[in-house]
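One structure below.
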There are 2 protein chains.
Amino acid sequence: MDEQILKKAGLKATPRRKEMLRILLNGGCPLTAEEVYHAFSEKQSCNLSTVYRALNTMAERRLLQKNIHRDGRVYYQLNLEHHSHQLVCERCHESVPIDLCPLEQLERDLRENTGYRITGHQFEISGVCPRCAEKEREKK
Amino acid sequence: MDEQILKKAGLKATPRRKEMLRILLNGGCPLTAEEVYHAFSEKQSCNLSTVYRALNTMAERRLLQKNIHRDGRVYYQLNLEHHSHQLVCERCHESVPIDLCPLEQLERDLRENTGYRITGHQFEISGVCPRCAEKEREKK
DNA sequence: GAATAAACGCAAATCATTTGCGTTTGGAGT
DNA sequence: ACTCCAAACGCAAATGATTTGCGTTTATTC
């Protein structure tokens, strides 16, 4: 439960934070601070800067993963054991989750070869989805 | 030669653009617009917004690759056939090039499974380099 | 229930990047 | 070599995501 998760991370279990976790959970995909902000209802609203601050502290405490996408915005997602990456359409921004992460073996090799302690990775593949490709073909 | 490369891409071969290509070439690693800007000499200076504009148009014409790193800034590099990715130290930002790109096979699979036309990818692995890890140990 | 550090709201600041616009320049055509 | 025009450029102002300073509120500990 959210309450316990937050406290275990040394954070106060405030209504806003619990709501943010809930939003990220049933969002099902990485969300920007702005998207989280808009997902609040009128009754329980939350200031945008509070959203940023809370998402960042939760990311620091490893409750969330923070990733920057090619659009230049930062996306947050719950830090579940099975993290996911995306293939994103350049045109409509539809995204397809990529199930297996090909970087795990690479990270092991890098640790051995460079002596770095690996703390994270991010990647994103961009493309054009079949629907947008179709639209383009029609235009010409 | 730079002159030909630019013209072949349908761009004017101006002194500034040739210099930018030169800077990126002997930089040897991805550079931000700001870094390119500072690499100009006093004699041949170049406005920062011109740097941004030129790098972006060269990227559009596929002369450069554009990648966003975890620090939130956009890095540009020459679009050589053998592109490279980096392992970046969170503390000192030292970076180690990663020779082989593990995403090529994945991209082929994705094209087949999703119907997307793949246009690019980016990834970056972050970690802490041995020197910074050592410094941290000393502090404690 | 009182005390206190952490959260919060609001407005202003920051920082990389983009844009509008008037001026300059490369290079195609003569 | 000379003219011409779209593309490049410089400068200043705008943008947009994110951060920060500060006074107020609230969750948690005792």
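Owing to the predicted nature of the structure, the values given are computational and were not obtained by experimental measurement. Both backbone and side-chain heavy atoms feed into the values below; hydrogens, waters and symmetry mates do not. Below, chains carry the letters A, B, ... as their sequence lines are ordered, and counting in each starts from 1.
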Of the candidates D:dC22, C:dG27, D:dT18, the side chain of A:Leu48 sits closest to D:dT18

Quick one: label B:Arg17 by what it contacts on the DNA or RNA (base, sugar-phosphate, nothing), any heavy atom closer than 4.0 Å. sugar-phosphate

Restricting to non-hydrogen atoms, name the atom on A:Ala33 and the atom on A:Leu48 that form the minimum distance, rounded to 0.1 Å. O-CD1, 4.2 Å

Within a radius of less than 6.0 Å around OH of A:Tyr75, do more than 12 heavy atoms belonging to other residues, nucleotides or ligands occur? yes

Round to the nearest Å and state the distance from B:Gln44 atom CD to C:dT24 atom C1'. 15 Å

What nucleic acid atoms does A:Ser49 come within less than 4.0 Å of, heavy atoms only: base, sugar-phosphate, or nothing? base

Let me know, please, whether A:Cys46 or B:Gly72 comes out on the 5' side of the other along DNA chain C by nearest nucleotide. A:Cys46

Which is true for B:Thr50 with a 4.0 Å heavy-atom rule: it touches a base, it touches only sugar-phosphate, or it touches nothing? base

Picking from C:dG27, D:dT28, D:dT19, which would you name as closest to the side chain of A:Glu3? D:dT28

Pick base, sugar-phosphate or nothing for A:Arg16, based on heavy-atom distances below 4.0 Å to the nucleic acid. sugar-phosphate

Would you say D:dT19 has OP1 or OP2 under 4.0 Å from some side-chain N or O of A:Asn56? yes

Could you list all the side-chain hydrogen bond (donor to acceptor under 3.5 Å, both in side chains) pairs where at least one residue sits in residues 11-22 of chain A, not counting sequence neighbours? A:Glu3-A:Lys18, A:Glu19-A:Arg22

Atom CE of A:Met58 and atom P of C:dC8: how far apart are they, to the nearest Å? 9 Å

Could you state the atom-to-atom distance from OH of B:Tyr52 to P of C:dC15 in whole Å? 13 Å

Selection from C:dA6, C:dT17, C:dG9 that lies nearest to any side-chain heavy atom of A:Lys12: C:dA6

Is it true that a side-chain atom of B:Arg61 and a backbone atom of B:Leu6 form a donor plus acceptor pair closer than 3.5 Å? no

Between atom CD1 of B:Ile68 and atom OG1 of B:Thr32, what is the distance when rounded to the nearest 0.5 Å? 12.0 Å

Nearest to the side chain of B:Asn47, heavy atoms from C-beta on, is which of D:dC11, C:dT18, C:dG27? D:dC11

With respect to the side chain of A:Thr14, which nucleotide from D:dT19, C:dA7, C:dG9 is positioned closest? C:dA7

Taking NZ from A:Lys18 and C1' from C:dA7, how many angstroms apart are they, rounded to a whole number? 14 Å

Grab the CG-P distance between B:Leu6 and C:dG26 for me, whole Å please. 13 Å

Rounded distance (Å) that lies between atom P of D:dG16 and atom OH of A:Tyr37: 16 Å

Nearest to the side chain of A:Leu11, heavy atoms from C-beta on, is which of C:dC10, C:dA7, D:dT18? C:dA7

Does any part of the side chain of B:Asp2, heavy atoms only, come nearer than 4.5 Å to the side chain of B:Leu25, both counted from C-beta? no

For atom CG of B:Asp71 and atom C1' of C:dT17, their distance in whole Å: 14 Å

Quick one: B:Tyr76 OH to C:dT17 P, roughly how many Å, whole number? 6 Å

On DNA chain C, does the nearest nucleotide to B:Arg53 precede the nearest nucleotide to B:Lys7 from the 5' side, or the other way round? Give the residue. B:Arg53

